[in-house]
Amino acid sequence: MQTKLLIIGGVAGGATAAARARRIDEHAEIILFERGEHISFANCGLPYYIGEVIKERNDLLVTTPAEFKMRYNIDIRTFSEVIAIDRKNRQIEIKNLKTGKTYRESYDKIILSPGAEPIRPPLPGIESEKIFTLRNIPDSDRIKAFTDSRKPASAVVIGGGFIGLEMAENLVHRGIKTTVVEMLDQVMPPIDFEMAAIVHAHLQAKGVICELGDGVKAFSEKQGQLIVSTQKGKEIECDMAILSVGIRPENKLAKEAGLDISARGSIKVDATMRTSDPNIYAVGDAVEVRDIVTGLPVMTALAGTANKQGRIAADNALGRKSLFAGTLGTGVVKVFDLTVASTGANEKTLKQNNIPYRVSYTHSDSHASYYPGAGMMAVKLIFSPGTGKILGAQIVGEDGVDKRIDVLATAIRGAMTVYDLEELELAYAPPYGSAKDPVNIAGFVAANILKSDMETVNWNELGELDRKRYILIDLRNKIELDESGTIEDALHIPLHKLRKELPKLDKEKIYILFCAVGFRGYLGYRILLQNGFRALNLSGGYKTYMNVKDKILK
């Protein structure tokens with residue numbers, strides 16, 4: 001019996017589901033409805049088109065409706081908005097956006113791929129033609145046309161997530177002075193504060209003004225300028241603004257059809273991507289899925305995840321059994337010369353849900369330091385205090401970050417531990433890596449912590465310690481102190497002099513050792529420990545401390 005499968009929404013999830021469905025069943029009747037003009041485009045590339053890194057608009061089109069129809073023999077109906085699902089009679093109602101006429105279509109199965117829409121909060125002045133959101137190609141056309149014709153000198157990006165930072169970079173590429181306003185005290189919410197602090201410094205070095213911990217209260221216009229008024233009383237004059245304060249699931253169709261919706265507005269699905277109706281599946285940004293690390297329900301707006309869900313939904317809709325195990329939320333973003341990446345759970349999430357964890361910080365070169373072009377990357381590894389199972393990772397650096405985060409994402413998916421990271425055999429040649437890869441180094445340090453070969457103190461614990469009992473020792477060389485300073489009240493004992501200075505130290509005190517990145521601190525810790533002293537190594541060393549110094553001293 002021929003199956004009639006209707007797919008509502010294209011782009012990553014819907015178009016992938018349609019292609020997969022045809023590969024499974026050559027004879028199924030498959031119709032894809034899309035209210036826009038394009039069924040498959042590179043929405044992740046939109047900021048780079050606006051910034052003219054991607055020169056040609058057509059390069060954003062993964063495929064055209066005509067090409068897709070020819071290859072897969074699928075009925076493609078663009079400018080067609082599905083306005084209702086009649087579950088009782090297994091029919092949908094469609095509005096042709098060009099003619100305004102409506103009609104109905106029967107179905108056996110439906111795959112919903114409505115996506116998510118940018119949040120546009122009801123603030124005074126929000127309807128100004130100088131305020132934009134970015135979701136699709138028409139949005140990018142409007143922003144690019146504005147920048148091309150009006151030649152704006154300044155812009156405000158509201159929101160410091162993936163899209164916000166990509167837009168900030170590309171506006172700067174266009175010669176536009178850019179300010180980022182973010183309600184949180186950091187950009188990039190998927191990573192933790194101390195890692196985001198590296199990004200803050202880099203943004204400022206590139207001329208981007210960061211207004212953190214401050215939200216937008218209202219918009220107004222004065223003498224042709226857009227005025228962005230913040231909750232802390234600042235008034236920022238600019239020529240345009242980009243709203244990037246988050247997204248909300250497009251759930252209207254599902255909600256009106258009576259499908260189960262989560263408290264956060266996403267469509268509830270099971271591991272087969274099936275909704276509360278056995279004949280309707282849903283995929284992409286609009287659905288709620290399981291976080292692999294925490295087991296908690298989450299929404300993940302990632303193209304790769306939507307593609308996988310599209311394949312799984314198509315399998316199940318056409319009689320195969322496929323399961324979506326969940327998501328790690330693995331993401332990466334380019335911020336000027338930096339690459340920022342994360343996978344698994346961050347410290348904030350684990351703390352909020354009372355899940356026990358340990359943390360280590362390492363700083364490693366992207367490849368052999370003697371080969372030209374090596375750059376330092378900061379690695380934060382989060383792991384279980386009992387088994388050493390990897391729970392999450394965050395990396396910020398200039399080169400090789402994407403490679404390492406992918407290794408760590410694979411390790412989490414494989415339920416590996418920090419001990420496994422020690423033993424991973426990763427490709428090495430001087431232009432590409434080191435004999436001890438940054439992933440191995442992260443494993444060594446984390447394993448040392450779990451085996452009690454080293455006790456650490458983290459940056460956010462420093463401010464709570466009694467400095468009469470805990471004594472800081474800077475193990476770096478004098479030239480390093482002269483160049484970058486040190487932590488207030490720290491003793492200076494270079495590592496190579498530590499053994500000679502032991503008689504002068506007080507065994508009633510606890511010594512916090514630090515160097516540039518932590519390795520000399522570890523060596524110093526082993527010396528003190530085996531000579532009867534109590535000590536802690538500052539995880540991540542002075543480099544991590546400097547990134548968060550202002551927050552510690554508040």
Side-chain angles (χ1 to χ4, degrees), residues 10-12 15 36-64 115-118 131-180 182 187-188 190 199 202-203 205-208 210 238-247 285 301-307 330-342 396-403 405-406:
V11 199
E37 179 183 359
H38 309 287
I39 62 160
S40 186
F41 62 91
N43 48 1
C44 296
L46 299 179
Y48 301 100
Y49 171 61
I50 294 166
E52 298 187 334
V53 176
I54 296 172
K55 303 292 184 183
E56 299 296 329
R57 183 178 183 274
N58 283 343
D59 290 342
L60 296 171
L61 303 177
V62 177
T63 186
T64 66
E117 61 180 342
I131 302 172
F132 303 89
T133 56
L134 181 61
R135 180 189 184 186
N136 51 35
I137 288 181
D139 290 340
S140 68
D141 288 339
R142 283 188 286 272
I143 297 171
K144 193 167 188 304
F146 187 92
T147 54
D148 290 347
S149 63
R150 304 281 189 95
K151 309 293 182 186
S154 58
V156 171
V157 175
I158 300 141
F162 285 88
I163 299 297
L165 294 190
E166 288 173 343
M167 278 306 309
E169 176 181 347
N170 282 282
L171 290 171
V172 170
H173 282 170
R174 295 292 303 267
I176 301 170
K177 182 182 178 182
T178 303
T179 299
V180 173
E182 168 57 57
V187 299
M188 287 300 295
V199 185
H202 189 66
L203 286 168
K206 293 295 183 179
V208 177
C210 295
C238 60
D239 297 312
M240 65 183 295
I242 307 290
L243 272 176
S244 183
V245 295
I247 57 174
D285 297 356
L302 295 169
T305 304
N307 273 287
T330 306
V332 63
V333 63
K334 177 182 178 294
V335 184
F336 294 97
D337 301 329
L338 285 183
T339 300
V340 184
S342 65
V396 180
E398 294 187 6
D399 182 50
V401 169
D402 53 340
K403 169 184 173 180
I405 206 69
D406 284 345

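Residue numbers count from 1 along this sequence.
- Residues passing the side chain to side chain donor-acceptor pair (under 3.5 Å) test with Lys151, sequence neighbours excluded: none.
- Shown here are the salt bridge (charged side-chain N to carboxylate O under 4.0 Å, His left out) partners of Glu37, two or more places apart in sequence or in another chain: there are none.
- Every residue meeting the ring pair (Phe, Tyr, Trp, His ring centres under 6.0 Å) condition with Phe146, not counting sequence neighbours, appears here in chain and number order: Phe132.
- Note that NZ of Lys144 is 10.5 Å distant from OG of Ser149, once rounded to the nearest 0.5 Å.
- Contacts classified as salt bridge (charged side-chain N to carboxylate O under 4.0 Å, His left out) and involving residues 53-64 (residues at least two apart or in different chains) are given here: Arg57-Asp141.
- For the atom pair CG (Leu60) and CG (Asn43), the distance works out to 9.5 Å, reported to the nearest 0.5 Å.
- Not counting sequence neighbours, Ser40 has no partner by the side chain to side chain donor-acceptor pair (under 3.5 Å) test.
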Report task. Check the pair Thr133 / Ile242 against side-chain contact (heavy atoms from CB on, under 4.5 Å), numbers first and verdict last. Result -> CA-CA 6 Å; Thr133 56; Ile242 307 290; over 6 Å; no
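- Asp406 pairs by the side chain to side chain donor-acceptor pair (under 3.5 Å) definition with nothing, not counting sequence neighbours.
- Between Leu134 atom CG and Asn170 atom CG the span is 10.0 Å, to the nearest 0.5 Å.
- A salt bridge does not link Asp139 with Arg135: none of the charged nitrogens is closer than 4.0 Å to a carboxylate oxygen.
- Residues satisfying the side chain to side chain donor-acceptor pair (under 3.5 Å) test with Thr179, not counting sequence neighbours, are none.
- Between the His38 side chain and the Leu61 main chain, no donor and acceptor come within less than 3.5 Å of each other.
- Applying the salt bridge (charged side-chain N to carboxylate O under 4.0 Å, His left out) test to pairs two or more places apart or on separate chains, none has a residue in residues 156-167.
- With values rounded to the nearest 0.5 angstrom, Ile163 atom CD1 is found 7.5 Å from Leu46 atom CG.
- Here Leu203 contributes atom CG and Leu338 contributes atom CG; the two are 8.0 Å apart, rounded to the nearest 0.5 Å.
- When the salt bridge (charged side-chain N to carboxylate O under 4.0 Å, His left out) test is applied to Lys177, no partner is found at least two apart in sequence or on another chain.
- Checking side-chain atoms of Glu182 against main-chain N and O of Gly159 turns up no donor-acceptor pair under 3.5 Å.
- Summarising the geometry, atom CG belonging to Asp337 is positioned 5.5 Å from atom CD belonging to Glu398; distances are rounded to the nearest 0.5 Å.
- Of the possible donor and acceptor atoms, one in the side chain of Thr178 sits under 3.5 Å from a partner among the backbone N and O of Ile176.
- Among residues two or more places apart in sequence or in another chain, the salt bridge (charged side-chain N to carboxylate O under 4.0 Å, His left out) test is passed with Lys334 by Glu169.
- Applying the salt bridge (charged side-chain N to carboxylate O under 4.0 Å, His left out) rule to Asp239 yields no partners; only residues at least two apart in sequence or on another chain are considered.
- Here Thr305 pairs with Thr300, Leu302, Gln309, Phe324, Thr327 under the side-chain contact (heavy atoms from CB on, under 4.5 Å) rule; sequence neighbours left out.
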